[in-house]
Amino acid sequence: MVQAYILIQTEVGKAASVAREISAIAGVTQAEDVTGPYDVIVRAEARNVDELGKLVVAQIQAVEGITRTLTCPIVHI
């Protein structure tokens, strides 16, 4: 299982609706609108890195109002 945080920037005023819509996507375990340089932080999981990439590109980035994403895979050192 691969887990990651996805940091999202949105159009002005869209953070809450983006977080709400993303939270309904399969593989997303948490989606919160926040303050700071990013507007939404998502925690997601997938079976492998390829599936995580597909989740981000095909489903999360397709949500209206998103302008940029940064995916940060979780590592256990």
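Start at 1 with the first residue, then count along the sequence.
Shown here are the salt bridge (Lys or Arg N to Asp or Glu O under 4.0 Å) partners of Glu11, two or more places apart in sequence or in another chain: there are none.
In terms of heavy-atom proximity, Ala4 sits nearest to Pro73 at CB-CA, 3.7 Å. The shortest non-hydrogen separation linking Met1 to Ala46 is SD-O, 3.2 Å.
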Between Asp39 and Lys14, does the side-chain contact (heavy atoms from CB on, under 4.5 Å) criterion hold? Intermediate values first, please. CA-CA 9 Å; Asp39 303 306; Lys14 297 283 188 172; over 6 Å; no
Passes side-chain contact (heavy atoms from CB on, under 4.5 Å), Thr10 versus Asp33? Steps please. CA-CA 10 Å; Thr10 69; Asp33 46 319; over 6 Å; no
Is there a side-chain contact (heavy atoms from CB on, under 4.5 Å) between Thr29 and Arg43? Walk through the geometry before answering. CA-CA 6 Å; Thr29 58; Arg43 185 165 178 154; 3.5 Å; yes
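Cluster annotation: Tyr38 and Ile6 are assigned to distinct hydrophobic clusters (Ile/Leu/Val/Met/Phe/Trp/Tyr, side-chain heavy-atom contacts under 4.5 Å, transitive). With hydrophobic clusters built from ILVMFWY side chains whose heavy atoms lie under 4.5 angstrom apart, Ile25 shares a cluster with Val40. When hydrophobic clusters are built by joining Ile, Leu, Val, Met, Phe, Trp and Tyr residues whose side-chain heavy atoms come closer than 4.5 Å, directly or via intermediates, Val49 is grouped together with Val28.
Taking CD of Gln30 as the start and CD of Glu45 as the end, the distance is 11.5 Å to the nearest 0.5 Å.
Contact check for Ile8 versus Ile22: side-chain heavy atoms found under the 4.5 Å cut-off.
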Enumerate, atom names and distances included, each donor-acceptor pair closer than 3.5 Å involving a side-chain atom of residues 52-70, sequence neighbours excluded.
from  : atom 1 : to    : atom 2 : distance (Å)
Gln61 : NE2    : Thr69 : OG1    : 2.8
Thr67 : OG1    : Gln9  : O      : 3.1

